[in-house]
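Count residues from 1 along the sequence. All values below were derived from every heavy atom in this structure, side-chain atoms included, with hydrogens, water molecules and symmetry-related copies excluded.
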Amino acid sequence: MTDSTVSRQENSPKRPNDSNGEFKRLLVPETSQPEEDELHESPPENQVLNVEEDRDKTYDSVPPFSWAKLWKFTGPGFLMSIAFLDPGNIEGDLQAGAVAGYSLLWLLLWATLMGLLMQLLSARIGVATGRHLAEICRSEYPSWARILLWFMAEVALIGADIQEVIGSAIALQILTRGFLPIWVGVIITSFDCFLISYLEKCGMRKLEGLFAVLIATMALSFAWMFNETKPSVEELFIGIIIPKLGSKTIREAVGVVGCVITPHNVFLHSALVQSRKTDPKEINRVQEALNYYTIESSAALFVSFMINLFVTAVFAKGFYGTKQADSIGLVNAGHYLQEKYGGGVFPILYIWGIGLLAAGQSSTITGTYAGQFIMEGFLDLQMEQWLSAFITRSFAIVPTMFVAIMFNTSEGSLDVLNEWLNILQSMQIPFAVIPLLTMVSNEHIMGLFKIGPSLEVKQFFVISLYCYVLLIVTS
């Protein structure tokens with residue numbers, strides 16, 4: 001053996017379980033994609049957090065758990081969880097509580113768990129490949145399928161954006177005591193696309209810090225309302241544990257599923273995990289990252305579930321079985337709460353407005369973020385950050401402004417529109433889930449991290465989607 005051969009062997013990284021040549025199944029596709037991968041640009045340095053303090057050290061197994069390392073990985077999951085807390089969710093929660101009482105809490109729980117499973121698969125494909133889902137769809141699907149998926153993702157995103165922007169506008173109208181009409185609030189909210197561009201230049205931690213404040217604001221606002229209204233704890237637990245679905249609550253049930261599981265969020269999470277620098281070729285490092293993202297995402301969605309639970313329980317306690325139940329919605333909910341529970345030191349109307357504003361502002365920013373990744377990933381567009389955000393926001397603002405002007409004087413019509421937009425989200429779920437499952441189960445793309453039949457993930461999703469289709473048809 002020559003000296004050069006020995007030198008190469010000594011300098012090569014240690015590979016676990018390499019004796020049978022299993023490591024030759026790389027984490028990138030075996031089919032030739034070199035040109036696209038080489039042209040793929042990494043995120044700017046201020047948007048990437050280095051989580052590997054001992055990056056020069058090679059591990060024969062997954063590195064041990066570290067609270068400090070978990071803190072470094074904390075961020076993407078909470079940004080992702082904003083989609084579970086947008087004004088569309090709040091609308092679905094309050095209508096489910098007012099119309100169905102506590103009886104749909106079990107569906108809220110299982111929809112959140114299903115959403116968690118999807119988000120973990122999304123993070124898995126992002127970490128294991130170093131690319132996000134929209135990019136992979138562009139390289140793997142023919143042009144017609146790629147354009148179809150992009151169009152459906154944009155439709156779902158526009159539907160969610162209408163709810164988010166309208167929700168922020170309603171909150172501004174509440175907090176200004178009706179001084180600002182909804183269409184003015186839409187214009188004000190539309191400028192948040194420039195805020196995200198500024199915060200990205202300051203670094204991802206600054207952006208994540210803003211969302212931590214907004215989530216905390218939502219949690220405190222709705223927890224305060226929960227404490228003030230004092231819902232029945234016994235009925236709450238019964239609603240969570242015992243599945244119940246009546247013929248009069250099917251539309252609300254579909255809305256709960258659609259507002260909790262948002263298709264654009266599947267694309268978003270696979271891109272957000274790129275903010276942590278992880279080498280896809282280091283198997284143990286990838287597994288370590290997946291472990292931390294599982295913990296973080298689970299914690300984030302537990303917080304989102306509790307916030308949604310608070311809102312549903314408040315309106316179940318106050319309006320279930322009343323004459324206002326069928327007419328209550330995002331526009332008039334604050335005033336109904338004020339009439340029911342009065343003012344006090346901290347009027348519940350303004351607490352509601354603060355929580356709704358935090359939900360709307362946080363979700364519009366993440367919606368802009370998701371739109372950028374979807375458009376750039378599917379269409380392979382490279383442009384300035386502010387221009388990309390402006391174009392993405394324009395797709396949603398134009399129809400939102402139309403809706404705000406048309407429905408500004410009709411509260412009932414606007415609330416019905418929001419409810420049907422939640423149903424639209426549920427109809428778009430397969431166009432995000434099917435590509436995700438297809439890619440994450442593909443060994444050429446995922447390598448050692450492809451999901452196996454033992455997980456039975458495909459069967460779980462097929463059965464779930466079939467149930468949702470039945471709900472839509474029967475409604």
ask   = Does any non-hydrogen side-chain atom of Leu117 lie less than 4.5 Å from one of Met114?
value = no
Heavy-atom closest pair (Phe305 atom, Leu109 atom, distance to 0.1 Å) is CE1-CA, 3.6 Å
field: Minimum side-chain heavy-atom gap Tyr369-Leu207 below 4.5 Å
entry: yes
Once you measure the plane-to-plane angle for Phe310 and Phe226, does it fall in the parallel (<30°), tilted (30-60°) or perpendicular (>60°) bin? tilted
**Q.** Sub-4.5 Å side-chain heavy-atom contact between Glu208 and Phe78
**A.** no
Charged N to carboxylate O below 4.0 Å: is that the case for Glu135 and Arg138? no
* Let me see the working for Trp150 and Leu379 under side chain to side chain contact (heavy atoms under 4.5 Å, CB included), right down to the final yes or no. => CA-CA 8 Å; Trp150 169 72; Leu379 304 183; 3.8 Å; yes
- Message: Quick one, Asn265 and His269 - any side-chain contact, counting heavy atoms below 4.5 Å?
- Response: no
Is there a side chain to side chain contact (heavy atoms under 4.5 Å, CB included) between Ile365 and Phe211 once you walk through the steps?
CA-CA 9 Å; Ile365 296 175; Phe211 282 105; 3.6 Å; yes
Tightest non-hydrogen contact, residues Arg205 and Thr74, listed as NH1-O, 2.7 Å
Determine whether Ser297 and Leu120 make a side-chain contact, defined as any pair of heavy atoms from C-beta on separated by less than 4.5 Å. yes
For Ala370 and His264 the tightest heavy-atom approach is CB-CD2, 3.8 Å
Exactly one candidate in Phe378, Phe373, Phe267 meets ring pair (Phe, Tyr, Trp, His ring centres under 6.0 Å) with His132; the answer is Phe373
Side chain to side chain, Ile90 and Trp352, heavy atoms closer than 4.5 Å
yes
Taking every heavy atom of Leu301 against every heavy atom of Ser81, the minimum-distance pair comes out as CD2-CB, 3.8 Å
With Ser362 as partner, the option from Val213, Leu214, Leu210, Leu85 fulfilling side chain to side chain contact (heavy atoms under 4.5 Å, CB included) is Leu214
By side chain to side chain contact (heavy atoms under 4.5 Å, CB included), Ser221 pairs with (sequence neighbours left out) Thr217, Ile351, Ile354
Which side-chain N or O atoms in residues 428-437 pair as donor and acceptor under 3.5 Å with protein atoms at least two apart or in another chain?
none

Taking atom CZ of Phe65 as the centre, report whether more than 12 heavy atoms of other residues, nucleotides or ligands fall under 6.0 Å from it. yes
Is the closest side-chain heavy-atom distance between Thr312 and Leu104 below 4.5 Å? no
Of all heavy-atom pairs linking Thr364 and Ser168, the shortest is CG2-OG, 4.4 Å
Worksheet item: Can you find a pair of side-chain heavy atoms, one from Ile136 and one from Met446, that are under 4.5 Å apart?
Response: no
| message | Let's go through Tyr102 and Phe237 carefully: what are the C-alpha distance in whole Å and the side-chain angles of both, what is the deciding distance for side chain to side chain contact (heavy atoms under 4.5 Å, CB included) to 0.1 Å, and is it a yes or a no? | response | CA-CA 9 Å; Tyr102 303 93; Phe237 277 107; over 6 Å; no
